[in-house]
There are 2 protein chains.
Amino acid sequence: MARTQGSHSEITRPRVRAAALKLFAEHGYAAVSMRQIAREVGLQAGALYNYTPDKQDLLFSLMKAHMDELLAACSERVSQGDAMARLRAFVDFHITFHMGRADEIFIAYMELRNLTPENFETIEALRRSYENHLEAILAAGLSEGIFDVPDSKVTTLAVIAMLTGITTWYRPDGRLSPEEVSELYWNMVRKVVGA
Amino acid sequence: MARTQGSHSEITRPRVRAAALKLFAEHGYAAVSMRQIAREVGLQAGALYNYTPDKQDLLFSLMKAHMDELLAACSERVSQGDAMARLRAFVDFHITFHMGRADEIFIAYMELRNLTPENFETIEALRRSYENHLEAILAAGLSEGIFDVPDSKVTTLAVIAMLTGITTWYRPDGRLSPEEVSELYWNMVRKVVGA
DNA sequence: GGTTGATTTGAACGCGTGTTCATATAATTA
DNA sequence: TAATTATATGAACACGCGTTCAAATCAACC
């Protein structure tokens, strides 16, 4: 039972999180054991508790980190300006942000069921914050008189669903480049909100 | 260990399936035990094996039944006609068909990970069939010269994602009636495919 | 009414699970 | 250098899991 040479929490902790993220996304939280995660890192399961209080916290903190990062980046990257410019920025942002994070967005949507009630509330609130960001853009476009959106809440949900669906089929080695995907989706979103 | 009076496989089997569907949708396949399903029906776990060979087959057959029914109903209800009429029929069909089946569509998307490889292939093929139905409508509209769709495959995926997302937020006791939802989504889809 | 088949229970099997904790080794600090 | 802290193992605990199957009761048939 030697301490592995060169081991350090700043090395091992991120590896534990990356292994958990990958396995949760691939198989689902409930189907993945702590022994599996440990094996992926090259540890025994008991070691994981140096890095996470328990399994639920591991999932929750992965999801929360993703949502926090998403919201921070969104605030920064979707700049002020007229509604159409902001909408374009939002669509581009959403697509590029998530393209390198298929696993994160996957669990953010698919593992809500496996959160404790209080953890669920936290993540739900963060998701609503993100949705509200888009809805505010739609509302601005409406008051600027350039969008035609009968129900901004429903339109928000439809557009988010459309954009989020990309991760289910997009492959980096696929037929379309990220720029092409962005362009195609911008074209559709622009039409959805337009006259 | 009495046989329950009045029990019959034509009564118990559907109740087992309904309980499994509900619990799988609510908690996820891997997180739901056979003892939980049995409890929901009012049986012991050992009795379930009179109705399903195993847990995986229970999930698979629920998913397959849903997809088979969806495809059969779609073929019947999305009639011949010009592309715009068929697209409208498709959107209306998708929304109304799924509104009463939130649990079914939920597991059809979220429990793919828990299928064995061969079961996954079967369900995937059925999903592609459904998507191809919409894509064929888009192609028809293109050749009729009434749709402007730069990439029919991507548009198909975007529209399906939009429509399928309804089940994540729609509530029968919510602010919108099914007709209102259909109208809103038709309006958006019409714009997506139009000039 | 007796026989056969259908349906259920309860017990058991052979695993697997999340978690704890004493112990050993590596790294850091005084 | 010795003491302290960090990091990992391995064993164990107290469950739970999917599944099987003998036995008991109800239903259907002859």
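Throughout, protein chains are lettered first and strands after them, A, B, ... in sequence-line order, and every chain is numbered starting at 1. These numbers come from a predicted model, not from an experiment.
- In the region residues 17-42 of chain A, proximity to DNA chain D at under 4.0 angstrom, judged on heavy atoms, holds for A/R35, A/G42.
- Regarding B/K55, its NZ atom lies at a distance of 16 Å from the P atom of C/dG16, rounded to whole Å.
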Discussion item. Could you walk me through whether A/D151 and B/R175 satisfy the salt bridge (Lys or Arg N to Asp or Glu O under 4.0 Å) test, starting with their C-alpha distance in whole Å, then the side-chain angles of each, then the deciding distance to 0.1 Å, before giving a yes or no?
Written reply: CA-CA 11 Å; A/D151 188 316; B/R175 134 176 98 91; 2.7 Å; yes
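- For the OP1/OP2 pair of C/dA6 and a distance below 4.0 Å, the side-chain nitrogens and oxygens of B/Y51 include no atom meeting the criterion.
- A/H94 and A/Y130 form a side-chain donor-acceptor contact under 3.5 Å, judged by distance and modelled atom types alone.
- Counting heavy atoms from C-beta on, the side chains of B/V154 and A/M188 come closer than 4.5 Å.
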Worksheet item: With the sugar-phosphate defined as primed atoms, P, OP1 and OP2, and the base as all remaining atoms, what B/S/- string results for nucleotides 20-30 of chain C, 5' to 3', for protein heavy atoms under 4.0 Å?
Response: B--BBBBS---
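- Note: CD (B/Q44) to P (D/dA24) measures 17 Å, nearest angstrom.
- For the pair A/D57 CG and C/dG18 C1', the computed distance is 14 Å after rounding to whole Å.
- If you measure from atom CD1 of A/I11 to atom C1' of D/dA8, you get 14 Å, rounded to the nearest angstrom.
- At a threshold of 4.5 Å between non-hydrogen side-chain atoms, the residues B/L62 and B/L59 do not count as touching.
- B/Q36 places no side-chain N or O within 3.5 Å of a backbone atom of B/L23 that could act as its donor or acceptor partner.
- Rounded to whole Å, atom C1' of D/dG18 lies 15 Å from atom CG of B/N114.
- Between the side chains of B/T52 and B/R17, no donor N or O sits under 3.5 Å from an acceptor N or O.
- With a 4.5 Å cut-off on side-chain heavy atoms, A/L138 and A/F147 count as touching.
- Note on residues 100-114 of chain A: pairs passing side-chain hydrogen bond (donor to acceptor under 3.5 Å, both in side chains), not counting sequence neighbours, are A/E69-A/R101, A/E111-A/N114, A/E111-B/R113, A/R113-B/E111.
- Without hydrogens or angle criteria, B/K55 side chain to B/S33 main chain gives no donor-acceptor distance under 3.5 Å.
- Between the CD atom of B/Q56 and the P atom of D/dC17 there is a distance of 18 Å, rounded to whole Å.
- The distance from atom CG of B/L43 to atom C1' of C/dT7 is 9 Å, rounded to the nearest whole Å.
- Taking atom CG on A/D54 and atom C1' on C/dT17, their separation rounds to 14 Å, with Å as the unit.
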